[in-house]
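The model shown is predicted, which means the values in this text are computed figures rather than measured ones.
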Amino acid sequence: MRLAALAILLLHASAAAAAELTVSATLNSARAFVGDQLVLSVSIAGSGSASPRVPPIPDVEIYESGKSQSMSIVNGAVSSRVVYTYVLNPQKAGRYVLPPVEVAGAAPTAPIAFVIEAVPADPLQAAPPPAQAPSAPAGAPPPQRPSAGPAPDAFVTATLDKGKAFVNEQVTLTVRFFTAVPLLGAPQYDAPKLTGLLAENLGAEGQGTTVIGGRSYNYSELKSALFPVQAGRATVGPAVVTVQIPRRGAIGSGDDFFDRFFNAAAPEARRLQTDPLALQAEPLPPGVPEDFSGVVGALTVEASADRTQAKTGEAVNLTVVVSGVGNIKSLPEPKRPDLPSVRFFDSESSVKLERIGEKVGGSKTFKTVIVARVSGPLEIPPFSVSYYDPAKRAYARAQSKPVRLSVLPGDPNAALPLVGGGSTPAPGVTEVAADIRYLKGPTGSSALADALAGFGRRGPWHAAPGVFLLAALAVVLRRRALAADPRARRSRFARETAEGRLKQAEAQPEAERARATALLGEAFTGYFADKLDLAAASLTLKAITQRLQARKTPPPAASLDGVRNVWNELDQLRYAPGGADRAEIRRIAAEIRELMQAFDKEPR
Amino acid sequence: MMILPLLAAVLALPLHAAPYDDAKAAYDAGDYDQAASAFESLVEAHPGDAALRYDLGNALLKAGKLGRASASYQRAFDLDPRDGDGRHNLDFALKRAGEELAPPGVPGPAFAAFTALSARELAGLHWLAAWAAMILAGFALLGGPERRARLQDWLLAAAGAWLLFGLWWAGLRAVLPSGRGVITAARAELRNGPGEKFTVGYTAPEGRRVRVLSESGDWLEVGLLKEGVKGWTLASSVEKL
């Protein structure tokens, strides 16, 4: 009966506890840049062992980063609290909403909105690398307690190996506990509260003895790898160690046996804590590769298949292992190659962390099932992952070797294995593999293209049409200038007109001697009338000689005499019966030509 | 006289065909290095044959020489941009290096139309139109009003063609500038100066197109067209186009 009552009581208590299960979810920041990491903390208070289910968010990689548990008993009431930590790795800028986180037996959390902004592009301005604080050399003695005064019985220190680091670059936190007196019971350690940092325990604790201020201390140290999740100031809160030590002065101070006995049995509780620490997290330098994994460290990639030969439609296990040093846990899956001839199914990942010297590292394994759609040799191109190498201060890329498979024809009617989702391809022509097209064979060069290219390379010859156009333009301008100045036009064409008349005169038959003589006269007077801008009809020898002598440079006397001679000869012939004979006409025409030539040469 | 070129072409065919058959046989047998070597000899003998450069690109790509294959495809594309197979294979090789033939944001058909004529063809058309426009303008000037009226339409057409082909040519030269190259090293390191003592700022994958900006000894300063960054790399890591 008493047992039944106890069982009822326990059931009632557990039901009450389940009813009191509360879940809360918080994000460390509501705004971040692409490449930053956000930390989601899901806190489950109450009893029970249910795990939260964080729903997926498109374009955001979500990784579980660990959990911490605390339990307290207040006035006999036991309460526990488990905090699950997740890392959110957004791939694109945009506004996101984290749907309610569900825990069996508890009300879901409220949705959480957050904004991811694109990284401001400034590829030419290189960010300076963060200054590396000098780290203590290996084997160096533990640091002195900073406070002055008498050496205490016990104290605790916390140090970071650097004051500045890139986002996701490891910073090592060392917490050392020193004691100079024997401890009464095991010390209780409360890890520091981290803001903007993810922590991975580096495992093994160091121990030793040292002398500080003339007093001998035993010390033990605990190291943790911290990773800044986003640029800015990150903080490490106080680390607390609660110890029970003998009350000061009790040991060996009393003379009375009972006094020593009872004092030794009365321990003193001490709460020792470190000073808070700050860390400046710097953004990674510009030039982030497209396939950047977010890891700051060093990585290698290996890809392998569980066989080298398969049939179409058969499942082949493909394993991609990314290993190295850095925050491996947050590593996203390497981008799968775009191979229409292969169907990829959803992959599963597992993380194996290990301590590599003072660094945290390990490997992350991605296992997926692939199915070849077509037969023939199949090469899955290398998987690659980019990371930032702090030693070289440059981005680097790790790449696997290609995976080669020989695919044999399988059963064409066999359905694809039911490994995951996927849509059935529509009937019709379906591209199954992207590849280069086959050889073309020599076609020779295109005659038209070659002719055009050859013409285009003519270089200086291309000035020819321009020269022609300029010449045409010059001719037109000259014509216009002459048309606008009748006097210049008459002068320009005087000899040409006279020459025409002289030729006409010379061509006249013997019977037309008078006509020939008249033409000689017209040529002679017309020439001087045009040259001197006078009216031909009223032209006199006196007028000609006066105008010629009025020039800036008068013609020589011989030329003037020649003009007079021809004028007089033509005057005589005009009244001579029948005019001049052919020989005379040719002679006078020749004289007129000489005169015209002489006057054209003389400056006006 | 017309028979002579025809005769020469007929006589040249067997000389051309025999080495080609050897290269093709090596390619079909999967001996891509041998095929590439044979195609290279053919390309040296017939540098204006876009199809041979395309075939050389195929052999180099199959032999795992992505950078040199990309360079060969690019040369084939420069010679015959209207060849669909050439475009496809160049785009295929560029995608392997994280690039695409059409610049980002430009629809494929628009880029195909823009590059339908090669730069050398556009240069020829541009100068042809320029000659026609200037000669027609000269005759129109020298002639009377009647001749001007008769030539007006032809002159406008020639001047319009001159402007069109000139702008098109200039645009194509901006998109496909001279001094281009392709990364042929497996992973070229771009340093901040011409020497090993300078730090590596970026790495560029094989097959990525670059623009050669300057030279200093064995080093080339190259700009990555897609990312808009630049750095110095060994000249042996780049094949100039």
#### Entry: Selection from Lys95(B), Lys24(B), Met134(B) maximising heavy-atom pairs under 4.5 Å formed with chain A
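Among Lys95(B), Lys24(B), Met134(B), the one with the most close pairs to chain A is Met134(B).
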### Task
Go through Asp28(B), Thr199(B), Leu117(B) and name the one with the most non-hydrogen pairs under 4.5 angstrom from chain A.
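Most heavy-atom pairs under 4.5 Å with chain A: Asp28(B).
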### Query
Partners of Ser386(A) by side-chain contact (heavy atoms from CB on, under 4.5 Å), sequence neighbours excluded?
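Applying side-chain contact (heavy atoms from CB on, under 4.5 Å) to Ser386(A) gives Pro289(A), Asp291(A), Phe292(A), Arg397(A).
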Using a 6.0 Å cut-off, check whether atom [atom1] of [X] has over 12 heavy atoms from anything other than its own residue.
{"X": "Glu333(A)", "atom1": "CD", "value": "yes"}
{"X": "Arg173(B)", "atom1": "CZ", "value": "no"}
{"X": "Arg478(A)", "atom1": "CZ", "value": "no"}

### Query
Do you know which of Pro465(A), Gly454(A), Ala453(A) has the most heavy-atom pairs under 4.5 Å to chain B?
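With the most close heavy-atom pairs to chain B, the winner is Pro465(A).
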Tell me whether [X] contacts the main-chain N or O of [Y] through its side chain, where contact means a donor paired with an acceptor under 3.5 Å.
{"X": "Arg479(A)", "Y": "Leu142(B)", "answer": "yes"}
{"X": "Asn89(B)", "Y": "Ile436(A)", "answer": "no"}
{"X": "Tyr54(B)", "Y": "Tyr438(A)", "answer": "yes"}

### Message
Is Phe468(A) close to chain B through its backbone or its side chain, or both, or neither, when contacts mean heavy atoms under 4.5 Å?
### Response
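Contact with chain B involves the side chain of Phe468(A) alone.
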### Query
In terms of heavy-atom proximity below 4.5 Å to chain B, should Ala471(A) be classed as side chain, backbone, both, or neither?
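Contact with chain B involves no heavy atom of Ala471(A) at all.
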### Task
Find the distance between CG (Leu52(B)) and OG1 (Thr443(A)) and round it off to the nearest 0.5 Å.
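Separation between the atoms: 7.0 Å.
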### Message
Could you measure the distance from the NE2 atom of His126(B) to the CZ atom of Phe455(A)? Nearest 0.5 Å is fine.
### Response
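The NE2 atom of His126(B) sits 10.5 Å away from the CZ atom of Phe455(A).
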Please name the pair of heavy atoms, one in [X] and one in [Y], separated by the smallest distance, quoted to 0.1 Å.
{"X": "Leu128(B)", "Y": "Leu452(A)", "value": "CD2-CD2, 4.4 Å"}
{"X": "Ala472(A)", "Y": "Gly138(B)", "value": "CB-O, 3.6 Å"}
{"X": "Ala51(B)", "Y": "Gly441(A)", "value": "CB-O, 3.1 Å"}

### Query
Checking salt bridge (charged side-chain N to carboxylate O under 4.0 Å, His left out) against Lys440(A), which of Asp80(B), Asp55(B), Asp85(B), Asp49(B) comes through?
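Filter result, single survivor: Asp85(B).
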Chain A heavy atoms under 4.5 Å from [X]: which part of the residue, side chain, backbone, both or neither?
{"X": "Arg187(B)", "answer": "side chain"}
{"X": "Leu61(B)", "answer": "side chain"}
{"X": "Lys62(B)", "answer": "side chain"}
{"X": "Phe139(B)", "answer": "both"}
{"X": "Thr203(B)", "answer": "side chain"}
{"X": "Asp91(B)", "answer": "neither"}

### Message
Could you tell me if the side chain of Val200(B) sits less than 4.5 Å from the side chain of Arg393(A), heavy atoms only?
### Response
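No, every pair of side-chain atoms sits at 4.5 Å or beyond.
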